[in-house]
Every structure is written in C-alpha cells, then in structure tokens.
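For the single chain, residues carry numbers from 1 onward in sequence order.
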Amino acid sequence: MPHAHVNGTELHYEDHGTGPAALFLHGWGTSGRAWDAQVAALAPDHRVVTVDWRGCGLSARPATGNTAEANVADILALIDTLSLDRPVLVGSSIGAAFALEAAFRAPDRIAGVVSVGGPGYWNTVSPEKAAQVAELRTSLVTDRAATVAAWVPTWYGPDTSPALIDQTIRQVLDSSVFLPELFADGAPRDPRAFLGELPVPVHYLHGDLDLIPAEVSRTLAGLTPHGEFHLFENTGHMPHQERPVAFTARLRTALHRMTAPTHPTTAPAS
C-alpha cells in the first residue's frame, strides 16, 4: 500500500496507468475508493491517482491539521512528491473546494479542475446556513454514529443502491474523529473572491437533487473565465457513484479538453 510523506503526515494513494494525469480528491469522510469506477475506466489511457486525505481511508489520522489550509498544502505537496505533470484536479464536495483553492495558488502546476457537487459559497450564504454547519459539526462530535447514519443517505438520489449508501456510512464512521475540525475553523473561503482571476479551466458537474443547490455551481461557472457547467438529472451529491457511466463519459470529455496541447481560451457555460 503506497504512502507518501507530505506536509507532516502520511497519505495513502493509488497510482494507475500512464498518460495525462488526473488527481482525484474525495468528499468529506470517505476515501479514494469513491472513484473506483472512474479509475477502472480511465487508467487505460490516463495516469489516474487517488488519495485518501488526512484522517480518511488508509491515511494517517493526525489530531491536528484537519483544516482546508492543510489539505490544500497536502495536494500541492503530493503533486511534487509524485512528479505529476500538470494534473487535472477532480474534486467531490469539499474536495472540490480544495481543488479550486490549489489551482488558484499554483495555476502553473495544474491543468484544470473538475468540481463535483462543490459547496462553493453555500456554507456561508446566510447566518442560518452557517448555524446549520456549526450544528452539524457539534452533532458529529457528540453523537457521531446517529448523525452519520441520518446525514449520509441525504447525499444520494432516491434510486441509489442501499448497499452503496451503507458502504459510505461505514467509510465515514471509520474516518478520524478529528475531521469535524473542518466544519469549525477550516471552512474553505468563498471562491467568488478569486474565480475571476483563475487562469485554468474549470468544469462544474452537479446533480439536480444535490443538497447543495445546483445554482451554486452554475453561478461559479459564470464567474470563472474558462468555466463550464453540466447538470445530471435525478442525481444527488455523488454523481460519480450514482451515474458512473454518464459521469465518466462527461469527465473524459473534460479531461481531454483540459489536457490537450492547447485548450480554448474561452469555454462557454452551458
């Protein structure tokens, strides 16, 4: 099981295939296994790297540093450690927020971003929303099992396999008890503050039944100079697992555009 020592911690990763590189960043509390369908489909002609971020999967579980700042630093350090040549960052949920921030900080080292159900500005859209996030963090600390069992099913659309939902619940329960720190002082900043200056392309993929409104991604795509938006119908927060064939086809198109020798200087939102 390969591990990389980066930014003061040990991260488990998997590295398959050769070709244009894509680095996959999972959502809160799960692991790189969330991308199994995409790894199998893309590895024949891409270098596909998945990583369990700190506190998740088979990575180390440090008691401190479970913040957005540390995770972004982990991504940039992992790119260097694995000698990834301008990878596309594919991020789900809060992993999408990490990806956008990393691309803003180091656009010369990243070819583009695919944001999957990213929170964008949603967590801070109102005092009521901020209070809900704070309440979730408290519940994850005081009654972890019940909170996860009630929360995770809301990530998925109504026709999702119960076995997949149960598998995700188990992954989240197995993650570090220190991860709720992300909901305290580690929330990513509002990307609207920098998207207008982002020189790399971003494809925003979103499910129409996502608990984060699709309008968030649509708005961010409109603010991104090279932004595109695609909506998956009858799909929740995890389209890469709920609609793996359709999602991977859309992702392959995005990767091709971002890793071609030259990509268009403009990418209209749709």
Side-chain angles (χ1 to χ4, degrees), residues 24-37 50 52-59 61-63 66-68 71 91-98 115-188 205-217 231-244 247:
F24 287 79
L25 311 171
H26 60 84
W28 192 91
T30 61
S31 77
R33 295 298 306 274
W35 303 105
D36 280 357
T50 60
D52 300 346
W53 29 277
R54 54 175 63 214
C56 298
L58 299 176
S59 289
R61 286 155 162 69
N66 298 290
T67 64
N71 278 280
S92 168
S93 191
I94 199 171
F98 300 159
S115 169
V116 185
Y121 52 85
W122 184 243
N123 289 348
T124 57
V125 71
S126 67
E128 292 77 15
K129 178 56 64 176
Q132 289 175 13
V133 172
E135 182 180 353
L136 173 61
R137 188 260 179 190
T138 299
S139 296
L140 285 167
V141 172
T142 59
D143 195 354
R144 180 183 178 89
T147 300
V148 169
W151 182 35
V152 169
T154 69
W155 298 1
Y156 293 93
D159 58 350
T160 303
S161 162
L164 174 58
I165 295 173
D166 289 345
Q167 174 183 297
T168 304
I169 289 172
R170 290 195 300 272
Q171 278 193 326
V172 175
L173 287 175
D174 186 55
S175 67
S176 172
V177 297
F178 301 109
L179 280 185
E181 182 180 354
L182 272 172
F183 295 107
D185 60 355
L205 308 181
H206 215 104
D208 63 342
L209 303 180
D210 197 326
L211 47 89
I212 297 168
E215 189 58 31
V216 172
S217 286
L231 186 69
F232 291 97
E233 296 184 354
N234 197 34
T235 305
H237 190 54
M238 309 286 276
H240 48 300
Q241 292 187 309
E242 298 173 61
R243 304 275 183 261
F247 177 89

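The line from CH2 of Trp122 to CD of Gln132 is 8.5 Å long, rounded to the nearest 0.5 Å. Here the CD1-CD1 distance, from Ile94 to Ile212, works out to 9.5 Å after rounding to the nearest 0.5 Å. Atom CG in Leu209 sits 13.0 Å away from atom NE2 in His237 (nearest 0.5 Å). Interatomic distance, NE2 of His26 versus OG1 of Thr168, reported as 12.0 Å (0.5 Å rounding).
Side-chain contact between Ser217 and Leu205 is absent, with no heavy atoms from C-beta onward closer than 4.5 Å. Side-chain contact between Arg54 and Phe178 is absent, with no heavy-atom pair separated by less than 4.5 Å.
Judged by distance alone, with hydrogens and angles left aside, the side-chain atoms of Ser139 form no donor-acceptor pair with the main-chain N or O of Thr147 at under 3.5 Å. At least one donor-acceptor pair under 3.5 Å links the side chain of Asp52 to the backbone N or O of Leu58. At least one donor-acceptor pair closer than 3.5 Å links the side chain of Glu242 to the backbone N or O of Gly236. A donor-acceptor pair under 3.5 Å is formed between the side chain of Arg243 and the backbone N or O of Asn234.
Between Gly120 and Val216, the shortest heavy-atom contact is CA-CG1, 4.1 Å. When all heavy atoms of Ser176 and Pro62 are compared, the closest pair comes out as OG-O, 4.4 Å. The minimum heavy-atom distance between Asp208 and Thr235, with the atom names listed, is OD1-N, 3.0 Å. Residues Leu231 and Ala214 approach most closely at CD1-CB, 3.6 Å, considering heavy atoms. The nearest pair of heavy atoms linking Leu179 to Cys56 is CD1-SG, 3.5 Å. The two residues Ser93 and Gly27 have their closest heavy-atom pair at CB-CA, 4.1 Å.
Shown here are the side chain to side chain donor-acceptor pair (under 3.5 Å) partners of Ser31, two or more places apart in sequence or in another chain: Gln171. Evaluation of the salt bridge (charged side-chain N to carboxylate O under 4.0 Å, His left out) rule for Glu135 yields no partner, not counting sequence neighbours. Every salt bridge (charged side-chain N to carboxylate O under 4.0 Å, His left out) that Asp174 has, sequence neighbours left out, goes to Arg61.
Looking at Phe232, Trp35, Phe24 one by one, the single match for ring-ring contact (aromatic ring centres under 6.0 Å, His included) with His240 turns out to be Trp35. Among Trp151, Phe98, Trp53, Trp155, the single residue meeting the ring-ring contact (aromatic ring centres under 6.0 Å, His included) criterion with Trp28 is Trp151.
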